[in-house]
There are 2 protein chains.
Amino acid sequence: MRISLAKEDLWRQFNEFTNEMIITKNGRNLFPCLEFKVEDLSPFEFYTFTLQIDRIDSNRHKFQGGEWSSNGPGEPCGPSRVVWHPSGVKSGADWMKRDVCFDRIKLTNNVGVTDPNHIVLHSMHKYAPTLSVYQYSTCDPNFEGLATPVFQRTFGSAAFVAVTAYQNNNVKNLKVEKNKYARGFRNERKRSSSSPETPENSAKMMPQNPEEALQMQQPWCTFPYPPSVIPGYNYPYYGYGC
Amino acid sequence: MRISLAKEDLWRQFNEFTNEMIITKNGRNLFPCLEFKVEDLSPFEFYTFTLQIDRIDSNRHKFQGGEWSSNGPGEPCGPSRVVWHPSGVKSGADWMKRDVCFDRIKLTNNVGVTDPNHIVLHSMHKYAPTLSVYQYSTCDPNFEGLATPVFQRTFGSAAFVAVTAYQNNNVKNLKVEKNKYARGFRNERKRSSSSPETPENSAKMMPQNPEEALQMQQPWCTFPYPPSVIPGYNYPYYGYGC
DNA sequence: AACCTTACCACCTATGTGCGAAAT
DNA sequence: AGATTTCGCACATAGGTGGTAAGG
């Protein structure tokens with residue numbers, strides 16, 4: 001089983017500035033989208049994919065003088081919400097047909113939300129996504145018990161600070177440049193998005209060396225909930241609305 | 001198991017004029033949407049839903065002098081394309097949570113289409129949708145053999161003539177009035193959509209009496225393909241695209 | 001001619017962006 | 001006083017309508 005973050009080059013560009021993700025009351029998409037390239041599953045075994053977004057340190061952070069630094073102790077970590085991939089239980093052959101994409105996930109700071117695709121985060125705290133893969137030799141719904149993932153990894157190259165407004169103009173410019181929905185802001189000024197505004201605000205969170213980066217792919221605290229395929233219990237509702 | 005057509009009142013209004021559905025090369029939505037109210041399934045049994053659109057007579061039709069009449073023999077009937085509901089195999093409890101809606105189906109006259117949600121119809125021929133329900137006591141993928149539906153009904157109140165342009169202004173006006181995407185055409189003229197333009201072009205296809213209508217809910221010719229839950233074979237691809 | 005089909009169009013709905021003033 | 005959050009906004013993408021003129 002080989003699983004890697006898709007659009008890794010784009011993620012790396014954001015990560016070099018320390019990535020930021022907007023959180024709003026009604027929920028905001030991640031950009032880039034969380035998407036994974038999946039290879040070498042067993043074609044006739046069955047799998048489910050879940051994603052959670054874990055805190056990667058214990059601090060609150062601030063952006064000052066062009067760089068991120070600690071701003072005292074952070075909020076306590078609660079359990080991370082586990083989001084099932086909407087496709088539910090599928091064969092390995094089916095999963096490998098295309099990248100596994102969690103593009104319905106939205107980030108929010110509204111603790112009251114009920115939408116299972118919304119993930120509540122604390123602003124000015126650091127996070128990274130964790131992908132878990134569970135395997136079943138059948139999709140028999142009578143399956144009981146708690147599964148242990150056959151694969152689990154936290155992707156440090158997709159780490160970010162949750163914010164309610166962009167702090168680093170380099171990150172903002174790169175979002176405007178790469179996200180098609182922000183096209184309306186591209187030619188407002190002669191943008192210098194590829195050249196950092198201040199030289200010192202790059203590469204604060206992740207080491208440039210990919211080998212070192214791999215060492216960092218561990219969340220600071222996690223409370224994973226193993227998925228169950230018992231219908232109605234923690235079952236993914238990504239309905240096909242009507 | 002009780003299954004009925006949702007939005008029946010709206011369907012009835014169209015049916016009184018003889019309903020029409022536009023077909024295009026790239027595929028056109030049905031309006032109203034095919035949607036079914038489902039009650040009294042066994043909560044812990046598993047079900048799949050399929051829909052097909054069957055010819056309900058053997059003729060070609062024409063709209064002349066404000067009414068539909070036969071226009072000679074119709075095209076030969078091929079097998080109706082069976083469209084799985086995108087939710088695949090779900091428990092009765094899950095299915096009953098909301099109406100079962102086939103809103104991704106599109107109608108086309110392009111025989112070369114590959115999209116599994118596109119249904120190819122002949123213009124100027126009459127059709128009605130048939131819903132089939134299959135039941136499984138498990139969603140074990142090793143299940144083999146051809147299933148017999150536990151429920152199957154052709155809904156005559158949702159019958160229509162496939163057309164490339166609306167023939168009956170009463171139908172067109174009702175579509176404009178009821179479909180939110182046609183709002184731009186509502187105030188072009190003082191519309192009289194509720195009052196038929198010609199008195200004689202109503203109620204040609206379905207009897208007004210609900211009891212008689214029930215007798216008509218049989219397709220003229222069908223070639224249903226029972227669904228299989230073997231992955232990869234005729235498996236619904238309503239992906240969660242990315 | 002008469003009938004039917006096609007391609008492009010204006011006008012909708014719905015939703016994803018960052019902006020910037022105002023509120024907290 | 002300063003940092004952070006909220007809200008309405010203009011401007012994008014994406015896609016669903018029937019109209020209309022031209023084509024078959």
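Hydrogens, waters and symmetry mates play no part in the numbers below; they use all other heavy atoms, side chains included. For clarity, every value in this text was computed on a predicted model and none was experimentally measured.
- Using N1 to N3 plus N6-O4 or O6-N4 for Watson-Crick, or N1-O2 and O6-N3 for G-U wobble, each under 3.5 Å, C/dA2 pairs with nothing.
- Heavy atoms of A/S123 sit under 4.0 angstrom from primed sugar atoms or phosphate atoms, though from no base atom.
- Each of B/L30 and A/Q167 lies near DNA chain D, and the nucleotide nearest A/Q167 is the one positioned closer to the 5' end.
- Atom CZ in A/F63 sits roughly 11 Å away from atom P in D/dT4 (whole-Å rounding).
- Computed from coordinates, the B/N117 CG to D/dG16 C1' distance equals 16 Å when rounded to whole Å.
- Side chain of B/Q64 to main chain of B/S69: no donor-acceptor pair is present (N/O by atom type, distance under 3.5 Å, no hydrogens or angles).
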Show your working on side chain to side chain contact (heavy atoms under 4.5 Å, CB included) between B/N19 and B/V171 and close with a plain yes or no.
CA-CA 7 Å; B/N19 202 354; B/V171 170; 4.2 Å; yes
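- Checked by atom type, the side-chain pair B/T130/B/D54 shows a donor-acceptor distance below 3.5 Å.
- Side-chain nitrogen and oxygen atoms of B/Q64 include none within less than 4.0 Å of the OP1 or OP2 phosphate oxygen of C/dA2.
- Listed pair A/K172 / C/dC19 meets the phosphate criterion, a side-chain N or O lying under 4.0 Å from OP1 or OP2.
- Residues passing the side chain to side chain contact (heavy atoms under 4.5 Å, CB included) test with B/N29 are B/K106, sequence neighbours excluded.
- Counting to the nearest Å, the C1' atom of C/dT17 and the CD1 atom of A/I22 are 10 Å from each other.
- Atom CG in B/L107 sits about 15 Å away from atom C1' in D/dT17, given to the nearest Å.
- Between B/R12 and B/E8 there is no salt bridge, since no side-chain N of the basic residue sits under 4.0 Å from a carboxylate O of the acidic one.
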Does the pair B/W68 and B/F63 meet the rule for a ring pair (Phe, Tyr, Trp, His ring centres under 6.0 Å), with working shown?
CA-CA 4 Å; B/W68 286 99; B/F63 187 76; 5.3 Å; yes
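- Exactly one residue among A/W84, A/F36, A/W95 makes a ring pair (Phe, Tyr, Trp, His ring centres under 6.0 Å) with A/F49. That residue is A/W95.
- Following rounding to the nearest Å, A/K175 (NZ) and C/dC19 (P) show an atom-to-atom distance of 12 Å.
- With rounding to whole Å, B/N168 atom CG is found 16 Å from C/dC3 atom P.
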Which protein N or O atoms sit under 3.5 Å from an N or O of nucleotides 9-15 of chain D?
| from | atom 1 | to | atom 2 | distance (Å) |
| --- | --- | --- | --- | --- |
| D/dT13 | OP1 | A/R183 | NH1 | 3.1 |
| D/dA14 | OP1 | A/K180 | NZ | 2.6 |

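- Dashed line: the shortest gap from a side-chain N or O of A/N26 to OP1 or OP2 of C/dT15 is not under 4.0 Å.
- The distance from atom CG of A/N173 to atom C1' of C/dC19 is 13 Å, rounded to the nearest whole Å.
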Stepwise side chain to side chain contact (heavy atoms under 4.5 Å, CB included) check, A/I53 with A/F160
CA-CA 10 Å; A/I53 293 186; A/F160 60 86; 3.9 Å; yes
Pairs: protein N or O with nucleotides 21-24 of chain C N or O, under 3.5 Å:
none

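- Judged by distance alone, with hydrogens and angles left aside, A/R28 brings a side-chain donor or acceptor within reach of the base of C/dG18, the pair sitting under 3.5 Å.
- In this entry the distance linking CE of B/M124 with P of C/dA2 reads 17 Å, nearest Å.
- Judged purely by atom type and a 3.5 angstrom limit, A/R186 uses its side chain to pair as donor or acceptor with the backbone of A/E177.
- Under the 30°/60° scheme for interplanar angles, the aromatic rings of B/F14 and B/F31 are found to stand perpendicular.
- When the nucleotides C/dG18, D/dT6, C/dT6 are ranked by their closest atom to the side chain of A/N109, D/dT6 comes out on top.
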